[in-house]
K.L.:
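If you scroll down you'll find the structure; I have some questions about it.
Chain identifiers are assigned alphabetically (A, B, ...) following the order of the sequence lines, protein sequences preceding nucleic acid strands; residue numbering begins at 1 within each chain.
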Amino acid sequence: MPELPEVETTRRGLLPHLVGATIIDVTVREARLRWPIPAGLKKRIVSRVIHGVARRGKYLLWDVASADGGGFLLCHLGMSGSLFATTASVAPVKHDHVDIVLNVNKTLIRYHDPRRFGAMLWIDGAIPTHPLLDRLGPEPLSDDFDGAHLFRLSRNRAVSVKEFIMNAHVVVGVGNIYASEALFGAGIRPTIAAGRISRARYGLLVAAIRQTLTNAIAAGGTSLRDYVKADGEPGYFQLVTMVYDRAQTPCRVCNTLVKMIRQGQRSTYFCPRCQH
DNA sequence: CGAGAGTCCTGAAGGC
DNA sequence: TGCCTTCAGGACTCTC
């Protein structure tokens with residue numbers, strides 16, 4: 001499931017195809033995603049040039065001639081979505097919901113999403129403002145994200161630290177897998193109330209989140225070359241986790257059995273000995 | 001405002 | 001073998 005590293009890997013994989021290309025056609029086979037794909041999308045973007053692709057949290061923002069009467073295509077991959085380059089000669093398969101056809105080398109960008117938790121929306125104008133983006137927390141790999149930030153926002157918060165760092169208004173891009181992994185890295189038990197963690201420990205947690213995400217992006221980068229394969233299957237790297245999905249198996253550090261619990265209807269994994 | 005539950009959806013996995 | 005149930009997940013949205 002795409003977390004921030006996968007979204008960033010997607011962005012880097014698409015960039016060389018998109019920048020400078022002109023959109024010449026759009027096919028929407030299924031508009032019912034998390035929200036409906038706007039009916040007027042094709043009319044808005046056809047014949048416009050793509051100037052870049054940015055990422056904000058897990059949202060991808062295609063700059064579609066935003067400074068020249070266009071706007072931004074806002075994409076979210078949900079949990080089962082993927083965007084990849086292919087050609088019109090490759091027949092769409094089940095759940096290939098959108099094709100965005102480019103003027104270069106018969107390339108098209110295909111959106112595939114079995115569970116349709118993703119989104120493809122349009123933002124008019126030169127500035128990418130949108131209710132989905134307006135209240136997002138800092139990027140985890142930016143300087144704005146530090147222990148002081150987490151400490152300040154967490155005061156008097158009873159919510160568990162794991163759910164706290166998964167809140168996109170606190171920090172973007174920390175999904176269920178990396179939340180468990182980062183808390184293991186910081187030696188913090190996921191059930192502790194966010195408001196009861198010291199500033200120093202939040203410093204450790206920030207470092208662990210950065211490390212976890214950076215490693216994952218680097219791992220994604222190693223498969224970047226063949227990321228967009230001929231068959232259109234995205235080459236997501238296989239993630240090696242310390243605790244996630246390892247319930248009842250030995251901790252890789254101390255051999256204590258990893259525990260699985262439920263928090264906010266999500267599974268959480270931790271080592272009862274390494275994390276306090 | 002915060003906390004917790006509900007919601008969308010499909011495919012995989014497990015039970016019988 | 002095949003049907004049925006349960007679960008997974010991101011993140012918005014609703015209720016209290």
K.L.:
With no angle test and no hydrogens, is the base of B/dG2 tied to the side chain of A/R157 by a donor-acceptor pair under 3.5 Å?
P.N.:
no

K.L.:
Could you state the atom-to-atom distance from CG of A/D96 to P of B/dT10 in whole Å?
P.N.:
15 Å

K.L.:
So A/L33, base contact, sugar-phosphate only, or nothing? Heavy-atom distance under 4.0 Å.
P.N.:
nothing

K.L.:
In whole Å, what is the span from the CD1 atom of A/I177 to the P atom of C/dG10?
P.N.:
7 Å

K.L.:
Could you check how far CZ of A/R262 sits from C1' of C/dG9, rounded to whole Å?
P.N.:
10 Å

K.L.:
Verify, without hydrogens or angle tests, whether A/T22 (side chain) and A/N103 (backbone) share a donor-acceptor contact under 3.5 angstrom.
P.N.:
no

K.L.:
Can you tell me how far P of B/dT10 sits from NE2 of A/H97, to the nearest Å?
P.N.:
8 Å

K.L.:
Before accepting this row, confirm whether a basic side-chain N of the pair A/E163/A/R266 lies closer than 4.0 Å to the acidic partner's carboxylate O.
P.N.:
no

K.L.:
Under 4.0 Å, heavy atoms only, any strand: does A/Q265 hit a base, just the sugar-phosphate, or nothing?
P.N.:
base

K.L.:
Using a heavy-atom cut-off of 4.0 Å across all strands, would you classify A/R135 as base, sugar-phosphate, or nothing?
P.N.:
nothing

K.L.:
On DNA chain B, nearest-nucleotide positions of A/K94 versus A/R34: which is more 5'?
P.N.:
A/R34

K.L.:
Calculate the interatomic distance between A/Q263 atom CD and C/dG10 atom P; express it in whole Å.
P.N.:
14 Å

K.L.:
For A/D68, is there an ion pair with A/R48 - N to carboxylate O distance below 4.0 angstrom?
P.N.:
no

K.L.:
For the base of C/dA11 and the side-chain ring of A/F117, does the geometry meet a stacking cutoff of under 5.5 Å between centres and under 30° between planes?
P.N.:
no

K.L.:
Mind calculating the distance between CG (A/D134) and C1' (C/dA11) to the nearest angstrom?
P.N.:
16 Å

K.L.:
For the CD1 atom on A/I24, are there more than 12 heavy atoms of other groups (residues, nucleotides or ligands in this structure) within a distance under 6.0 Å?
P.N.:
yes

K.L.:
With heavy atoms under 4.0 Å as the rule, sort A/Y59 into base, sugar-phosphate or nothing.
P.N.:
sugar-phosphate

K.L.:
Report the nucleotide, chosen from B/dG11, B/dA3, C/dC12, that has the shortest atom-to-atom distance to any side-chain atom of A/R115.
P.N.:
B/dG11

K.L.:
Within the structure shown, what part of the strands sits under 4.0 Å from A/R32 by heavy-atom distance: base, sugar-phosphate, or nothing?
P.N.:
nothing

K.L.:
Would you mind reading off the distance between A/N167 atom CG and B/dC1 atom C1', rounded to a whole angstrom?
P.N.:
13 Å

K.L.:
By nearest heavy atom, map A/S267 and A/L136 onto DNA chain C; which one lands nearer the 5' end?
P.N.:
A/S267

K.L.:
Would A/R246 count as a cation-pi partner of A/Y244, with NZ or CZ less than 6.0 Å from the six-membered ring centre and within 45° of the ring normal?
P.N.:
no

K.L.:
Please tell me which of the listed nucleotides, B/dA3, C/dG10, C/dC12, lies nearest to the side chain of A/L132?
P.N.:
C/dC12

K.L.:
Report the distance from atom NE2 of A/H95 to atom C1' of B/dC9, rounded to the nearest whole Å.
P.N.:
9 Å

